[in-house]
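In what follows, a single structure is set out as structure tokens and then discussed.
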Amino acid sequence: MIVLIVGRDASQSEGVESALSDLGVDWKIKFVADASAALSYAQANPIEVVVAEMRPIGMEGTALLDRVKSHHPEAARIMLLDETEESQAMRALSSAHRLLNKPLRAEELLEAVEGISELHEILNSPELKAAVGKLDKLPPPPKLYLALTRALDDPNVSPASLATLIQQDPAMAAKVLRLCNSAYFSGGRTITDIRTAVIRLGQQILRRMVLATEVFADSTNSKVDRDAMRRRALLSSQLASKLLAGSSSELAGTAALLAEVGMLLPGVKILNKDGELEGEGPHYAEAGAYILGMWGLPMPIVEAVANHQQPGRSNARGFWVPGAVHVARALIAQQPLDENYLSQVGMADKLPAWQKLAEDLLGAEE
């Protein structure tokens with residue numbers, strides 16, 4: 001396997017290669033300091049993994065990963081961030097499959113590459129592709145959500161610009177105002193304009209609310225109670241976002257919102273009222289992850305949706321987005337948790353506190 005690392009610190013290359021060798025991994029590491037050399041190497045060699053820092057010499061890391069993708073679409077794309085670049089995490093995920101801490105550690109690189117490869121195997125399953133390919137109608141990409149996400153990639157975007165986007169869809173604008181004036185957000189003061197509503201809700205809640213409205217607006221599966229699904233999705237999203245910190249919180253919230261999106265499709269196995277799978281075809285979680293991958297959503301969200309019922313299947317060694325989504329969805333839906341998984345990742349002692357959070361959210365809805 002050829003691994004291309006793009007960054008300013010050449011000393012990390014030898015250390016990573018040596019550590020991988022100690023782990024029994026025989027990968028060829030190619031280190032380059034600038035983007036032009038990286039692109040030349042990528043054009044001439046069958047690279048399978050590319051790792052870039054956020055600002056290598058000559059080009060933004062996101063632009064570099066996008067360029068490499070055009071030559072090697074199946075390559076695992078990884079972005080390195082340091083503590084000062086945390087605010088760039090969501091923007092980086094528009095181009096990268098995974099984010100890793102800088103400086104790069106061999107163990108984390110190996111874990112990330114194995115996870116990406118495993119997910120590719122799941123989503124490239126001939127059976128899954130054939131089943132989804134037979135559907136007459138697929139859920140359309142959430143256009144307003146994707147436009148909102150692109151706008152929020154700009155750290156200088158103004159509330160007025162976001163309000164202009166929302167106002168392009170009058171029905172969405174009405175829902176935003178309704179939510180903003182609910183008891184949870186209003187603070188006793190009525191809001192009548194979208195710009196003020198955007199400020200009050202905040203970017204994360206606004207983005208998830210738009211996503212939920214678009215995704216659950218229609219269903220091609222008549223067996224699904226969309227209202228109940230939307231309620232579970234919103235509550236699971238709120239809970240999941242509380243279980244992780246930083247950019248991982250936003251990933252978990254969005255992934256939990258979308259965990260059941262596959263049940264909107266006909267011809268998939270779905271959960272009945274007892275929480276048991278029924279029906280023929282692919283598992284709804286894998287079908288949902290496939291759709292999200294087609295929409296171009298970040299890979300950690302796709303992976304979490306695919307594995308939310310079996311979080312142990314993820315290669316992440318610790319408690320991360322798949323685990324948070326599993327816990328949040330199970331507690332909100334009042335279904336069994338994988339307690340063996342929680343013990344393995346050292347989070348079993350957190351369960352009572354998480355159950356209390358879930359009870360509070362459910363109680364506030366009654």
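The residues of the chain are indexed from 1 along the displayed sequence.
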Exercise for review: Indicate yes or no: at least one non-hydrogen side-chain atom of Leu264 is less than 4.5 angstrom from one of Tyr284.
Suggested key: no
Review point. Can you find a pair of side-chain heavy atoms, one from Val215 and one from Tyr145, that are under 4.5 Å apart?
Key: no
Revision key, fill the gap. Distance col, row Leu165:CG vs Ile194:CD1, nearest 0.5 angstrom, shows 12.0 Å
Between side-chain atoms of residues 68-75 and protein atoms elsewhere (two or more places apart, or another chain), which donor-acceptor pairs fall under 3.5 Å?
residue: Ser70; atom: OG; partner: Arg67; partner atom: O; Å: 2.5
residue: His71; atom: NE2; partner: Gln43; partner atom: NE2; Å: 3.4
residue: His72; atom: NE2; partner: Ala42; partner atom: O; Å: 2.6
residue: His72; atom: NE2; partner: Asn45; partner atom: O; Å: 3.0

Side chains of [Y] and [X]: any donor to acceptor distance under 3.5 Å?
{"X": "Gln335", "Y": "Arg329", "answer": "yes"}
{"X": "Ser158", "Y": "Ser161", "answer": "yes"}
{"X": "Asp193", "Y": "Thr196", "answer": "yes"}

Exercise for review: Determine, step by step, whether Glu214 and Arg207 satisfy the salt bridge (Lys or Arg N to Asp or Glu O under 4.0 Å) criterion, reporting the C-alpha distance in whole Å, the side-chain angles of both residues, the deciding distance to 0.1 Å, and the verdict.
Suggested key: CA-CA 11 Å; Glu214 288 191 285; Arg207 181 156 47 182; over 6 Å; no
Check ion pair [X]-[Y] (N to O, under 4.0 angstrom):
{"X": "Arg232", "Y": "Glu260", "value": "yes"}
{"X": "Glu53", "Y": "Lys102", "value": "yes"}
{"X": "Glu85", "Y": "Arg55", "value": "yes"}

Check your understanding: Who are the ring pair (Phe, Tyr, Trp, His ring centres under 6.0 Å) partners of His97, not counting sequence neighbours?
Key -> His120
**Study point:** Worked check of side chain to side chain contact (heavy atoms under 4.5 Å, CB included) between Ile166 and Leu162
**Key:** CA-CA 6 Å; Ile166 299 296; Leu162 299 178; 5.5 Å; no
Practice item. Run through Glu303, Glu111, Glu114 and flag the one making a salt bridge (charged side-chain N to carboxylate O under 4.0 Å, His left out) with Arg98. Key: Glu303
Point to revise | Residue list, side chain to side chain donor-acceptor pair (under 3.5 Å) with Glu48, at least two apart or on another chain | key: none
Show which side-chain atoms of residues 350-357 pair as donor or acceptor with protein atoms under 3.5 Å away, not counting sequence neighbours.
residue: Lys356; atom: NZ; partner: Asp360; partner atom: OD1; Å: 3.0
residue: Lys356; atom: NZ; partner: Asp360; partner atom: OD2; Å: 3.0

Point to revise | Partner set under side chain to side chain contact (heavy atoms under 4.5 Å, CB included) for Asp66, not counting sequence neighbours | key: Ser95
Revision key, fill the gap. Across all chains, not counting sequence neighbours, the side chain to side chain contact (heavy atoms under 4.5 Å, CB included) partners of Ala256 are Ser236, Ala240, Val325
